Amino acid sequence: YYADPEVAALIVLAVTGILLAISHIIVRSFERVAEASRARSEFVSIISHQLRNPLSSIRWQLEILLRDKNLDQKMRSYLESVNEYNNRMARLVNDLLTVNRIESNRLVLAPSAFWMGNLVKKIVADNALFANASHITIDLEEKKNIPPVYADENHIRWAVENLLTNAIRYGSARTSIAVRINKEKTNVRVDITNQGMPILHSDAARIFEKFFRANNAQQKHVNGSGLGLFIAKAVVEASGGAIGFVSEQSGKTTFWFTLPHPKK
């Protein structure tokens, strides 16, 4: 019964209004988080009790609407856009909760041995459409006889996804991203290299800081919270690894990280 254009339009307007209201709350609280730890704690409390549940409920309702085979294509496109916006806010909420856990030393990791190559291949496949839409190809190379790593696979998955999607967002069209997995003496190393805008020397020291957004991100008008690299660094280092980057004036930028082999 959602095929009625007027009913569907009202649904879209209502959902959009709710999302805008929640977005306003997030942005206002986001500013307070950056200014004072007391405000951060208050914000995390708001997220936990008043944002996560509504966002999940909205996602559930949107998925029900999108399953309606009678929706015309234009209305389906509107609903899909609203759903993506809702998902972005949900990711922001989760990121802020993770930051709070990191800063209060409550980040819980569950390390185990796993194959980095299998994880990276899955993430590359999941982001193939995003890369294609940006006219970027991804070239994955894994050296032979790479041993497993010992870390929390779910958290490392998030870190790799963040580094790869950043490489796509900041990469130039009609270029290639090189993903390399190599063996070191006591570690496995992953390098993700793109061709785009270089990271300025003045930004380099702050690139892993919470809430920091480099000048090239602002120039390209790339959306982001400034939390991804901060969380990736915390997760990798908490797993006994290291993370860093090298950016050349030509625009070639490589973000890399290492993770230890399982202890014998």
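Only a predicted model underlies this, so the values are computations on that prediction, with no experimental measurement involved.
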Would you check if [X] and [Y] make a side-chain contact, meaning some heavy-atom pair closer than 4.5 Å?
{"X": "Lys121", "Y": "Leu140", "answer": "yes"}
{"X": "Leu107", "Y": "His155", "answer": "yes"}
{"X": "Thr193", "Y": "Arg180", "answer": "no"}
{"X": "Asn162", "Y": "Leu229", "answer": "yes"}
{"X": "Ile156", "Y": "Leu259", "answer": "yes"}
{"X": "Ile146", "Y": "Met116", "answer": "no"}
{"X": "Lys122", "Y": "Asn118", "answer": "no"}
{"X": "Ile138", "Y": "Leu164", "answer": "yes"}

Rounded to the nearest 0.5 Å, what separation is found between the [atom1] atom of [X] and the [atom2] atom of [Y]?
{"X": "Asp203", "Y": "Arg206", "atom1": "CG", "atom2": "CZ", "answer": "8.0 Å"}
{"X": "Ile177", "Y": "Asn166", "atom1": "CD1", "atom2": "CG", "answer": "10.0 Å"}
{"X": "Phe245", "Y": "Ile199", "atom1": "CZ", "atom2": "CD1", "answer": "4.5 Å"}
{"X": "Phe114", "Y": "Asn154", "atom1": "CZ", "atom2": "CG", "answer": "9.0 Å"}
{"X": "Trp256", "Y": "Ile192", "atom1": "CH2", "atom2": "CD1", "answer": "13.0 Å"}
{"X": "Phe230", "Y": "Thr98", "atom1": "CZ", "atom2": "OG1", "answer": "10.5 Å"}

Any side-chain to backbone donor/acceptor pair from [X] onto [Y]? Under 3.5 Å, distance only.
{"X": "Asn127", "Y": "Phe130", "answer": "no"}
{"X": "Thr258", "Y": "Ala242", "answer": "yes"}
{"X": "His261", "Y": "Asn187", "answer": "yes"}
{"X": "Ser239", "Y": "Val235", "answer": "yes"}
{"X": "Asp152", "Y": "Ala110", "answer": "yes"}

What closest approach, in Å, do [X] and [Y] show between heavy atoms, and which atom pair accounts for it?
{"X": "Ser247", "Y": "Thr253", "value": "OG-OG1, 2.8 Å"}
{"X": "Ala167", "Y": "Asn194", "value": "O-ND2, 3.0 Å"}
{"X": "Ala113", "Y": "Pro262", "value": "CB-CG, 3.9 Å"}
{"X": "Ala173", "Y": "Ile136", "value": "CA-CG1, 4.5 Å"}

Hydrophobic cluster membership, with links at side-chain heavy-atom distances under 4.5 Å among I/L/V/M/F/W/Y: are [X] and [Y] in one?
{"X": "Leu119", "Y": "Tyr150", "answer": "no"}
{"X": "Val149", "Y": "Leu109", "answer": "yes"}
{"X": "Trp115", "Y": "Trp158", "answer": "no"}

Applying side chain to side chain contact (heavy atoms under 4.5 Å, CB included) to Lys183 and Val188, what does each step give before you reach the verdict?
CA-CA 5 Å; Lys183 175 184 176 182; Val188 171; 5.6 Å; no
Using the side-chain hydrogen bond (donor to acceptor under 3.5 Å, both in side chains) criterion, which residues pair with Asn132? Sequence neighbours excluded.
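Expected list: none.
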Tell me, with the steps shown, if Ile243 and Phe255 meet side chain to side chain contact (heavy atoms under 4.5 Å, CB included).
CA-CA 8 Å; Ile243 189 170; Phe255 275 85; 5.6 Å; no
Not counting sequence neighbours, which residues clear salt bridge (charged side-chain N to carboxylate O under 4.0 Å, His left out) with Asp191? List them please.
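If we apply the salt bridge (charged side-chain N to carboxylate O under 4.0 Å, His left out) test to Asp191, skipping adjacent residues, the hits are Arg189.
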For Glu141, is the CD atom crowded, meaning more than 12 foreign heavy atoms sit under 6.0 Å from it?
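Enclosed: over 12 neighbouring heavy atoms sit under 6.0 Å from CD of Glu141.
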